[in-house]
Structures are given as structure tokens and as C-alpha cells.
Amino acid sequence: MKPRIFLTRELPPEAMKRLRDEVELEMNTEDRVLSKAEIIEGVKGRDALLCLLTDEIDADVMDANRDLKVIANYAVGFNNIDVAAATERGIPVTNTPGVLTDTTADTAFALIMAAARRIVEGDGLVRTGRWKGWGPLELLGLDIHGATLGLIGFGRIGRAVARRARGFDMKILYWNRTRLSESEERELGVTYAGFEEVLAHADFVSLNVAFNDETRHLIGTKELETMRGTSFLINTARGPVVDEKALVHALRQGGIAGAGLDVYEREPEIEPELLEMKNVVLLPHLGSATIATRTKMGMMAIDNLLAALRGEPIPNLVNKEVFASK
Ligand code: GLV
Ligand code: GLV
């Protein structure tokens with residue numbers, strides 16, 4: 001008998017084909033985020049839940065089906081799931097690390113370049129017929145090559161951003177909870193610095209931390225004040241890592257020069273003032289959005305889900321303690 005899965009939204013075609021072949025699928029066929037009540041209805045009678053970062057999966061969802069055997073998240077971040085509640089109930093939670101690292105780092109770099117070189121503004125100028133021809137003072141930006149990149153968080157994605165920055169001859173400072181060995185630092189061409197030091201010296205501060213209680217509002221008024229007036233803040237991590245109101249304030253006051261954002265504190269809502277600012281580039285949370293990467297994420301989520309259902313070792317288990325506690 002095929003396992004019964006509830007999927008909260010359609011995935012790329014290859015992943016869908018595999019699901020249709022290997023499981024008994026029930027899914028949301030509408031192109032929208034489900035309500036919690038709909039997810040609760042959906043998991044009833046199912047063996048597993050395949051969900052997205054836009055789905056809030058809490059104890060109410062888990063209690064709606066005491067036989068749920070695994071929650072497979074289609075994302076590397078899993079702050080949308082109450083992992084402690086899952087562990088208490090003996091439910092393994094999985095994520096999709098690794099496969100989206102380079103794609104997300106590409107997005108961070110695209111934001112650095114678009115913000116510093118005023119790409120979106122320039123495109124707007126041309127498109128709206130306001131461009132009058134080359135001008136010596138038109139849309140002057142900031143050099144990326146030779147500038148200092150400050151990485152806040154130095155996991156897989158932070159390191160991948162650093163690798164790109166080396167090609168642009170950037171000076172790279174990083175801050176992380178744990179420091180790398182000297183040989184690793186040398187190999188990557190990066191210098192460890194204190195949190196405030198990174199903020200104070202970087203021309204571009206890129207946020208690459210996981211979101212959790214410790215990183216909520218990691219960047220607020222004080223941190224934005226520490227940054228240089230000529231610097232840019234780049235966020236491809238999670239919105240609530242930044243106090244968005246404090247960011248608006250800093251941008252308005254000229255406390256920092258600009259920002260490149262892929263994520264927001266209350267998605268899909270955005271602080272309305274950001275929409276009016278020319279010095280910010282705003283993306284709709286598409287860090288991992290390529291066909292290849294979204295397909296790999298799908299395959300990985302399915303591998304995790306099937307392994308859990310078969311009682312095999314789970315490749316990307318978030319709550320390892322779930323087995324210790326049984
Ligand atoms: C994307 O934001 C992810 O966590 O995969
Ligand atoms: C994300 O998975 C990271 O470790 O940076």
C-alpha cells in the first residue's frame with residue numbers, strides 16, 4: 001500500500017511526477033497558501049505532511065492527526081514549524097539543506113549588484129522614456145569590486161556568498177557564532193571579526209543566519225546606527241532577522257545608503273515606506289527560485305519523507321532528539 005501524503009501546494013513537475021508514482025497524494029490544487037484550518041483538514045487520515053515555509057505548522061495541526069509520521073518541509077529554514085511540539089509528539093521534521101545554497105548565494109549577489117549599481121532604477125528610467133542619454137553624473141553608484149563585504153552568519157550560504165565575493169576582489173569579513181579554523185579562513189580568504197566590527201566596516205552587510213529566537217531582530221536600531229552611512233544591508237535569510245521599522249527609519253535618515261531585500265518581517269506585507277524608496281531593491285522571496293533548485297528541493301523533501309515512512313535513516317532530520325526520546 002502506498003503511503004498517504006498531504007501536500008500543501010504544487011511543486012515542480014519532476015517532483016509531482018515522483019509523488020504521483022510513489023504515494024497516494026492529496027493536495028491543494030489552488031495556487032495559494034492554505035489556511036491553518038485547511039491544513040488541519042488536509043492532514044486527517046494521512047501518513048505524512050509535505051509543507052512549505054509559508055505554512056505555519058503548530059501543535060494544533062499535529063494534534064489533528066495523532067498518526068502523522070513525518071513533517072517534511074520544502075525549505076532549508078524550518079522556523080514555520082513548531083519543532084519542539086513535533087519532538088514531544090515523536091514526529092520527525094525534515095528540511096532541504098545544501099541543494100539551495102548556491103542559488104541563494106546567487107540571489108544575495110544579485111541584490112548586492114542591483115542595489116549598488118542602481119540597476120532597477122536605471123531600468124525604470126529607460127522603460128518610462130525618461131532617459132535623455134548618457135550623463136557624467138547620472139545614476140552614479142558604489143563599486144562592488146574592492147569593497148568590503150561583511151557576512152553575518154557563515155554557514156553554507158554565507159560561505160557561498162564569500163566565494164562569489166572573492167571573484168570581485170572584495171575584502172571579506174565574517175561574524176559567526178563559531179569561528180573557523182585558521183586554515184579554513186585562509187582557504188576561503190576571509191577574516192573573522194566581532195559582530196559590531198563587521199557592521200562598522202562593511203560596505204555591504206549580508207545576512208546569512210538561520211532565523212530563531214536568538215536572531216529575531218538581530219539587526220535593529222543600534223546595529224543600523226553602527227553601519228556606515230554609505231553601506232547597504234542585504235537580506236536573503238528571513239525577514240524577522242531585521243527590525244523592518246528600524247530599517248525604514250535608518251534608510252529615511254540616511255543612516256545607511258540602501259538595502260537589497262528578498263525577505264520581510266510579515267510576508268507578503270511590506271512596510272509601505274519601503275515601496276517609495278529608490279535606494280532599496282525589493283524581491284518577492286525568490287532566493288531559491290530556479291527550476292533546477294526547486295526540483296532538487298522537491299526530490300530531497302520526498303527522499304526525507306519516504307525514508308521516515310520506511311523507518312530508514314532520514315537524510316535531513318531537523319530534530320534528531322525525536323529518536324532519542326522514544
Ligand atoms: C527559503 O527561504 C528556504 O528556507 O528554503
Ligand atoms: C543554510 O542552510 C546555511 O547553512 O547557510
Side-chain angles (χ1 to χ4, degrees), residues 7-12 14-15 31-34 39 49-58 70-83 86 92-112 151-161 164 176 206-219 233-242 244 259-270 281-305 314-319:
L7 167 65
T8 58
R9 202 158 169 185
E10 186 174 349
L11 301 182
E14 263 183 69
D31 189 22
R32 65 174 177 88
V33 177
L34 291 181
I39 297 175
L49 172 62
L50 179 40
C51 58
L52 316 177
L53 62 94
T54 42
D55 302 323
E56 193 192 330
I57 308 300
D58 61 11
V70 54
I71 298 171
N73 210 35
Y74 178 77
V76 64
F78 45 84
N79 54 290
N80 57 304
I81 300 172
D82 186 341
V83 176
V93 175
T94 70
N95 70 338
T96 63
V99 288
L100 49 73
T101 300
D102 284 302
T103 301
T104 306
D106 287 348
T107 304
F109 231 85
L111 281 172
I112 290 173
L151 295 163
I152 298 294
F154 208 60
R156 285 169 293 243
I157 297 171
R159 290 173 205 211
V161 177
R164 283 152 183 75
N176 198 45
S206 173
L207 304 177
N208 298 104
V209 288
F211 174 58
N212 51 45
D213 288 341
E214 282 157 44
T215 58
R216 177 183 297 278
H217 286 193
L218 184 66
I219 303 295
L233 181 72
I234 307 298
N235 191 5
T236 53
R238 279 289 184 271
V241 172
V242 177
E244 207 166 286
L261 308 175
D262 186 40
V263 289
Y264 306 90
E265 211 173 333
R266 287 167 291 274
E267 295 175 13
E269 280 167 45
I270 294 176
V281 177
L282 305 170
L283 296 182
H285 200 153
L286 45 70
S288 67
T290 66
I291 296 165
T293 291
R294 288 283 169 86
T295 300
K296 284 185 206 154
M297 287 164 64
M299 292 307 184
M300 189 176 236
I302 298 167
D303 286 341
N304 286 328
L305 186 146
I314 303 171
N316 309 103
L317 179 63
V318 165
N319 53 345

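It should be emphasised that the depicted structure is a prediction, and the values quoted were computed from it without experimental measurement. In each ligand, atom 1 is the first atom listed, and ligand 1 is the first ligand listed.
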State the atoms of ligand 1, each with its element, that fall below the 4.0 Å cut-off from a heavy-atom position in [X].
{"X": "Ala75", "answer": "3 (C), 4 (O), 5 (O)"}
{"X": "Leu53", "answer": "1 (C), 2 (O), 3 (C)"}
{"X": "Gly77", "answer": "3 (C), 4 (O)"}
{"X": "Leu100", "answer": "5 (O)"}

Test side-chain contact (heavy atoms from CB on, under 4.5 Å) applied to Leu261 and Glu244, step by step: CA-CA 11 Å; Leu261 308 175; Glu244 207 166 286; 5.7 Å; no
Region of Val263 that comes within reach of ligand 1 [heavy atoms, distance under 4.0 Å]: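 Val263 to ligand 1: no contact under 4.0 Å from either part.
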Region of Thr104 that comes within reach of ligand 1 [heavy atoms, distance under 4.0 Å]: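 Neither; no heavy atom under 4.0 Å.
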Nearest-0.5 Å distance, OH of residue Tyr264 to CG of residue Leu283: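 It is 6.0 Å, given to the nearest 0.5 Å.
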Interatomic distance, Asn304 atom CG to Asn316 atom CG [nearest 0.5 angstrom]: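 Reported value, rounded in 0.5 Å steps: 4.5 Å.
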Closest protein heavy atom (residue, atom, distance) for atom 5 (O) of ligand 1: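 The closest one turns out to be Val76 N, 2.9 Å.
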Which residues share a side chain to side chain donor-acceptor pair (under 3.5 Å) with Asn176, sequence neighbours left out: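 With neighbours one apart ignored, the set is empty.
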Trace of the side chain to side chain donor-acceptor pair (under 3.5 Å) decision for Asp262 with Thr107: CA-CA 8 Å; Asp262 186 40; Thr107 304; 5.6 Å; no
With Asp102, the salt bridge (Lys or Arg N to Asp or Glu O under 4.0 Å) member among Arg156, Lys296, Arg159, Arg164: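 In the set Arg156, Lys296, Arg159, Arg164, the residue that makes a salt bridge (Lys or Arg N to Asp or Glu O under 4.0 Å) with Asp102 is Arg164.
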Residue selection (non-hydrogen contact nearest atom 4 (O) of ligand 1) among Arg238, Arg294, His285: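 Heavy atom nearest to atom 4 (O) of ligand 1 belongs to Arg238.
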